[in-house]
Each structure stands twice: as structure tokens, then as C-alpha cells.
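So that the names make sense, note that chain A is the first sequence line, chain B the second, and so on, each numbered from 1.
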2 protein chains.
Amino acid sequence: MARRLEVALERKAIVAAAFEVLAEHGLDGLNMRKLAARLSVQAPALYWHIGDKAELLGLMADFIYVEARAAVPACAGWREWLLAFGRALRHSLVSRRDGARICATARPGKASDPADRARAIAAPLVALGLDQPRALSFQASVISLTLGWSSYQENGPMHDFLGDMLDFDTSFELGLQALVRGYSAASLPGSTSACPAI
Amino acid sequence: MARRLEVALERKAIVAAAFEVLAEHGLDGLNMRKLAARLSVQAPALYWHIGDKAELLGLMADFIYVEARAAVPACAGWREWLLAFGRALRHSLVSRRDGARICATARPGKASDPADRARAIAAPLVALGLDQPRALSFQASVISLTLGWSSYQENGPMHDFLGDMLDFDTSFELGLQALVRGYSAASLPGSTSACPAI
DNA sequence: ACCTGAACACCGTTCAAGT
DNA sequence: ACCTGAACACCGTTCAAGT
């Protein structure tokens, strides 16, 4: 059982090392040999712990999402949660090199049970009163918007191009609030006036 | 001058051939040798016409955006235009293999003048009453949302995972409408009631 | 169970040489 | 001006062999 823990630790160490290589060399410079070297090991050794490079990228993306979700404070309602999650995810993406590119590229890892995974992802929003389909749908939209704006910012030419005309933080925040406000209006129809609950 | 036209044609032919290879082999199977073979040429010949593979991907992304914008009908207002553009872009992305991945990966090409390019991109929205920063910002958000939802759909594992729980078309449409509705509320402040400036 | 050494297939790109 | 032939450096991955 101590053995089992060590293996789990090795996987974490690989992901951690991958983020270090990423910070130094960017996604294009992140290859299996450099990653292995940082772990004082030969490249083929990695394949004992992970299936392939795509899986590694998936683990890195997972790490970013988990980090973002952990940074979301307790919220009074699902609107607040969506806003806080969007901001937290954006922070997690922008604060590391090529973060958005990694998350945009990565395929989700093989979950034991997809239904369980969906439940876990939807959980915080369901706890705040949303049904599960809406929880997944709204969250997926927030992720899209956040990933997109983070990509614009980290993408060199795009950054230079858009950066002259507008502020990324402000534009992202404007979009995020618009999206959540729009969902809010759609999901709470008859209650009062034009602006029931934001 | 006949010469000049031929070169321009070759570039178009390369992009067209690239889309054919893409349709057959996907983005991971799109490489310079296969592309060259389809044009009955050797791989190094391509480098006479394009700088590198990244530029090719950029041209492919441009093609998709141009196609989408050309598909937007005349609109009565900027909200309608944003909705129509989002739907058109989604169609352009989903109707070809790995379309979203291409657009998410690609860096914008070197424009002669970035300010000109920005003006051109913003033009249809500016014509409908939006100022240029808002035109760029709103459009960028719509692109983010559309790219994201199209990615979810293309991405095998993600498709299987989300596809059980919700319908991609419906969820995308819901998000797009929410976003535009939210922008609408933010951009028409003093009109009526309680929701001045969120 | 976990790692090394050596190798394979493949890929983007360069460049001298042709026409 | 435009293309070929040959090559280079690099990369993900495999696999037999070690311990």
C-alpha cells in the first residue's frame, strides 16, 4: 500500500514537472525527452506511468480545472458561482504559459463512470438550485468564453492585434456578466420586472 | 499579370487541397507530404508558396471565418447580426472535420495594417450602430462561445461525455442568446427599469 | 515493478541543384 | 520563378533487456 501511494505520487510529480517545462519552454517546447530529463529519467520511463502524451496534456488540463474550482468561494447563488468560476478559471489559465492552449487541446480523461463525472462537475450548481442539464450547459458556456478570451490574450499576434483596441480583462468581464445575466433572464422568467435577480 | 494570377491561384489551391486532406485524415493526419502529394508535387515545393505549416493553418482558419461572415444575411440590428454570425460560424466549423480545432490553434496572419483589419472586422457591427471597441469585444465573445461549443462536439470523448446529458445545438443556441441578450441589456441602459448598468 | 538503450517511423523544414 | 532530391534535426513511441 505504501507502493501504491508512491505510484500516485509519481504521476503527480510528472504533471508538476510538466508544468515546469511548460513555464520554461512553452507548449511547443514541451516534449517527452525534456520532461524525462527534468525527472532525471529516460523518456521511455514515462510510458510506464502514462499512456501517451495526450494523456499527459489531459492531466494538465484537469489540474487547471481542479485548481480553478478549488478557488471558487462559497456562493449565495448559481449566478455568483458562475461568475466566480469564470474569473478563477481565467486566473488559472492566464497565470501559466499556454494554459488556454492546453485546455483547448486536451481531451477529457477516461472517467470510470461518465454519469458520475457529470454529477461531480454539476454538483456546486445543482446545490445552488440548478437542474443538472442547465448546470452542465451553463458551465460549459462559461468555460468556452473564458478559454476563448484567455487564448486571445496568450496568442502573440492576436494579443498585439486586439490589445491595441481593447482591454482583455474588461472585455472578458463584460462578456462573462452578459452571459450570466442572459442566462438569468432566461431561467427566471415570470418573477418580477426586467431584472429579477442578478 | 497572368503570372501573378496563377500564383494567387496556387495559394488557393493549396488551402483547398488542405481541406480535402483534412476531411479524409483529420487534423492529426494533415501533414506537408500528404498535402503535397494531393497537389502532385514534392513537399518542399509548398515552401515556395507558404512560409510554414502554421501559416497554412492560419489561412485555413481565415477561410472558415470568411465563409461564415459571407453567410450572414442582412440584419436589422447588431443583436441579430451577432446571432446570425454565431450560427453561421458554428455551421462552418461543424460541417468540416476538426474545424474548431483549426480555428482554436491558428494564429492570425500578418495583416498589412492591424488597424485596417480591425476596422474591417468591426464594420458590419459598426454599420448597425455599435462603436468599434464594443463591436470587436462582442464579436470576440461570440467567437469564443461558438468555438468552444463546436470543440465540445468535435472532441470524441467530450462528445460522448456531454452528448448523453444535453443537446449541443440547443445548448449552444441557449448560450448564444443569453450572451447577446446580456450585451443588449448592458448597452441600452436608460431605456426602462431597474437594471441600469450591471 | 520500474527503468535503460537502442531503435523505428514519421515529420517540418532547409538547401543545393536543376529547369 | 518554381520545383526536386537528398538530407537534417527532432519527436512520439516501442520493445527487448536489464535490475
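- Contact between the side-chain N/O atoms of H49(B) and the OP1/OP2 oxygens of dC3(D) is found at a separation under 4.0 Å.
- Taking every side-chain heavy atom of N31(B) into account, dC11(C) is the closest of dC11(C), dT13(C), dC3(D).
- Applying the Watson-Crick and G-U wobble criteria (two distances, each under 3.5 Å), dG12(D) pairs with dC8(C).
- Of the possible donor and acceptor atoms, none in the side chain of R79(B) sits under 3.5 Å from a partner among the backbone N and O of V180(B).
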Evaluation steps, salt bridge (charged side-chain N to carboxylate O under 4.0 Å, His left out), between R11(B) and E55(B):
CA-CA 11 Å; R11(B) 259 178 98 99; E55(B) 187 184 348; 3.0 Å; yes
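- Checked against a 6.0 Å centroid threshold, the rings of Y183(B) and W78(B) do not count as neighbours.
- Mapping W48(A) and P44(A) onto DNA chain C by nearest heavy atom places W48(A) at the nucleotide closer to the 5' end.
- With hydrogens and angles ignored, the 3.5 Å screen pairs a side-chain donor or acceptor of E80(A) with a backbone N or O of G77(A).
- For the pair R33(A) and K34(B), nearest-nucleotide mapping onto DNA chain C gives the more 5' position to R33(A).
- For the pair Q42(B) CD and dA7(D) P, the computed distance is 14 Å after rounding to whole Å.
- The base-pairing partner of dC2(D), taking Watson-Crick or G-U wobble contacts with both distances under 3.5 Å, is dG18(C).
- Counting to the nearest Å, the C1' atom of dG12(D) and the NZ atom of K53(A) are 8 Å from each other.
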